[in-house]
Amino acid sequence: MNYWLLKSEPDSWSWEQQVKKGKKGEAWSGVRNHLAKRNLMSMKKGDLCFFYHSNIGKEIVGIVEVTKAPYHDPTAEKNEPWVVVDVVAVKPLKTPVSLASVKAEKKLSKMSLVTSARLSVQPVTVGEWNMICKMGGV
DNA sequence: GCCAACGTTGGC
DNA sequence: GCCAACGTTGGC
């Protein structure tokens with residue numbers, strides 16, 4: 001079981017939209033960065049991810065579960081290497097955890113969210129996961 | 001294969 | 001709207 005963090009601009013794909021999809025879930029498409037792709041490739045069915053709103057909100061708003069192992073991104077050309085996983089909304093955080101509060105928490109200073117701000121698919125350690133769940137009231 | 005120029009992301 | 005960080009492109 002691994003933990004991850006997925007970033008999305010709510011203008012293009014928001015937590016609310018993800019929730020509306022229900023158990024059907026949605027393919028996490030559009031990743032066009034090799035490091036992010038490598039992280040996607042490491043995901044397994046049953047892994048959990050934080051859902052982070054970038055740009056607008058700048059906070060972790062919910063938790064999604066990976067329901068399908070990585071497969072070719074349907075929005076990419078056939079000969080391109082990009083992949084997606086399917087994710088379904090599990091539950092929202094009672095209290096969204098903002099970027100500011102992540103930065104303010106010393107134990108989270110090593111998080112990719114802080115150290116590699118632009119990476120859209122990031123690994124999260126168990127310690128970080130538990131800490132943020134606590135901060136988010138779940 | 002290096003590196004300058006350029007484009008994009010995302011926080012402020 | 002600005003700009004820093006970072007990835008990609010293209011000339012050499």
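Scope of the values below: all heavy atoms of this structure, side chains included, with no hydrogens, waters or symmetry mates. Chain A is the first sequence line, chain B the second, and so forth, proteins listed ahead of strands; every chain is numbered from 1.
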message = Counting only heavy atoms not in Arg32(A) (residues, nucleotides, ligands), do more than 12 fall under 6.0 Å from its CZ?
response = yes
What residues 28-35 of chain A contributes to the DNA chain C interface at heavy-atom separation below 4.0 Å is Asn33(A), His34(A)
query: Taking C-beta and beyond as the side chain, do Gln18(A) and Trp28(A) meet within less than 4.5 Å on heavy atoms?
result: yes
Open item on the list: If you define the side chain from C-beta out and look only at heavy atoms, does anything of Trp129(A) sit under 4.5 Å from Leu48(A)?
Closed with: yes
Partner of Ile63(A) under side chain to side chain contact (heavy atoms under 4.5 Å, CB included), picked from Tyr3(A), Phe50(A), Trp15(A), is Phe50(A)
Applied to residues 83-119 of chain A, the ring-ring contact (aromatic ring centres under 6.0 Å, His included) test, sequence neighbours excluded, yields none
Per nearest nucleotide of DNA chain C, the residue lying toward the 5' end, Asn55(A) or Thr115(A), is Asn55(A)
Rounded to the nearest 0.5 Å, the NZ atom of Lys44(A) sits from the CG atom of Asp47(A) at a distance of 7.0 Å
Taken to the nearest 0.5 Å, the spacing of Glu65(A) CD from Asp86(A) CG works out to 11.5 Å
Students should find that the nucleotides of DNA chain B closing off the region near chain A, any atom under 4.0 angstrom from a heavy atom, are dT8(B) to dC12(B)
Exercise. Are the aromatic rings of Trp13(A) and His53(A) close, with centres under 6.0 Å apart?
Worked result: no
